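Since the structure comes first, as structure tokens, the remarks are kept for the end.
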Amino acid sequence: MADITHGTWIKDGKSVDAVYQSGVKVYGRNLITEGHDQIISSESSDYNYRVLYTKLVPGIKYNFQTIATLTGSADNLVTVSVYGSDFGVPALVKTEIVANGEVSSCQFTAPDNGEFVLIYAGKQGATSGIEANFKQIKLEIGDQTAFSIAPEDILN
């Protein structure tokens, strides 16, 4: 039986690279350890967001995936941004994903001073009155992979 110990999958006393659950390969480790589902309630702010992750490593490529829906918006785009320690400056990385109830993803390389990953309740600068519902949030190191649940998401 496989078990997760110190971030490594162990089976019969040996580390394993690939893990399967019900015949489906599960991929990289989900760096989001809490809050895989998030609701950003409607507010009057045009910059309504949640901080998802705070430990980016400079130069590392990341893959972000979620299933998102919006209420109160005719647009179906959500901004994913990377900031350094100063939120007052423009985002170091800014991209948009589709919020249509299906899996959507984006990739980015963490800049030298990038620290935080944020998701917005819609498009950054235009979130007033929008509620965003994010399901199965996943942030992993590496290039885009087919959407699957991370091993720890199955265990938890």
Side-chain angles (χ1 to χ4, degrees), residues 2 4 7 9 16-57 59-84 87-111 114-156:
I4 190 165
W9 272 93
V16 294
D17 293 328
V19 178
Y20 292 82
Q21 176 71 26
S22 301
V24 177
K25 184 176 180 182
V26 292
Y27 289 87
R29 299 284 182 249
N30 191 352
L31 300 174
I32 309 294
T33 56
E34 295 180 14
H36 299 151
D37 295 341
Q38 296 270 334
I39 295 175
I40 303 178
S41 298
S42 173
E43 293 182 7
S44 59
S45 170
D46 275 333
Y47 294 91
N48 192 7
Y49 64 86
R50 292 290 180 276
V51 176
L52 289 180
Y53 192 70
T54 62
K55 301 174 187 171
L56 294 177
V57 178
I60 298 295
K61 189 168 189 175
Y62 292 88
N63 182 51
F64 173 81
Q65 296 178 332
T66 190
I67 299 170
T69 55
L70 300 177
T71 304
S73 174
D75 200 347
N76 67 345
L77 296 176
V78 170
T79 301
V80 178
S81 295
V82 174
Y83 282 89
F87 282 94
V89 300
L92 302 169
V93 175
K94 180 179 168 186
T95 187
E96 293 174 343
I97 61 171
V98 177
N100 62 358
E102 297 180 11
V103 174
S104 190
S105 66
C106 65
Q107 295 75 44
F108 61 88
T109 300
E115 295 180 27
F116 304 99
V117 177
L118 281 64
I119 53 171
Y120 285 81
K123 292 169 79 170
Q124 179 183 1
T127 62
S128 180
I130 300 172
E131 178 175 291
N133 189 344
F134 298 92
K135 300 274 187 197
Q136 299 177 7
I137 297 170
K138 183 177 176 183
L139 179 69
E140 62 185 349
I141 294 174
D143 295 336
Q144 183 176 3
T145 60
F147 185 80
S148 70
I149 298 173
E152 50 277 333
D153 293 339
I154 290 173
L155 292 176
N156 296 327

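A quick note: this is a predicted structure, and the numbers were derived from the prediction, not measured.
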All ring-ring contact (aromatic ring centres under 6.0 Å, His included) counterparts of [X], not counting sequence neighbours:
X: F64; answer: none
X: Y49; answer: Y120
X: F108; answer: Y62

Quick one: does any side-chain atom of [X] pair with a main-chain N or O of [Y] as donor and acceptor, under 3.5 Å?
X: N30; Y: I137; value: yes
X: S128; Y: D46; value: no
X: T66; Y: K135; value: yes

Could I get the full list of side-chain contact (heavy atoms from CB on, under 4.5 Å) partners for [X], not counting sequence neighbours?
X: T71; value: E131
X: N76; value: V98, N100
X: L92; value: P111, N113
X: A132; value: I40, L70, A121, F134

What distance separates [X] [atom1] from [Y] [atom2], expressed to the nearest 0.5 Å?
X: S41; Y: N133; atom1: OG; atom2: CG; value: 10.0 Å
X: I67; Y: I97; atom1: CD1; atom2: CD1; value: 10.5 Å
X: I141; Y: K61; atom1: CD1; atom2: NZ; value: 13.0 Å
X: Q65; Y: L139; atom1: CD; atom2: CG; value: 10.0 Å
X: L31; Y: N63; atom1: CG; atom2: CG; value: 10.5 Å
X: L52; Y: Q38; atom1: CG; atom2: CD; value: 6.0 Å

Derivation of the side chain to side chain contact (heavy atoms under 4.5 Å, CB included) call for S104 and E102: CA-CA 6 Å; S104 190; E102 297 180 11; over 6 Å; no
Looking at L56, V117, V82, which one forms a side chain to side chain contact (heavy atoms under 4.5 Å, CB included) with V93?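 Running side chain to side chain contact (heavy atoms under 4.5 Å, CB included) over L56, V117, V82 with V93 returns exactly one hit, V82.
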Return the set of residues passing salt bridge (charged side-chain N to carboxylate O under 4.0 Å, His left out) with D37 (not counting sequence neighbours), or none when no residue passes.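 Not a single residue meets the salt bridge (charged side-chain N to carboxylate O under 4.0 Å, His left out) criterion with D37.
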Those residues that, when tested against T79, pass side chain to side chain donor-acceptor pair (under 3.5 Å) (two or more places apart):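 So T79 forms no side chain to side chain donor-acceptor pair (under 3.5 Å) with any residue.
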What pairs of residues pass the salt bridge (charged side-chain N to carboxylate O under 4.0 Å, His left out) test when at least one of them lies in residues 114-123, not counting sequence neighbours?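 As it turns out, the salt bridge (charged side-chain N to carboxylate O under 4.0 Å, His left out) pairs with a partner in residues 114-123, which skip direct neighbours, are D75-K123.
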Please find the pair of heavy atoms, one from T127 and one from S45, that lie closest to each other, and give the distance.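 That would be OG1-O, 2.8 Å.
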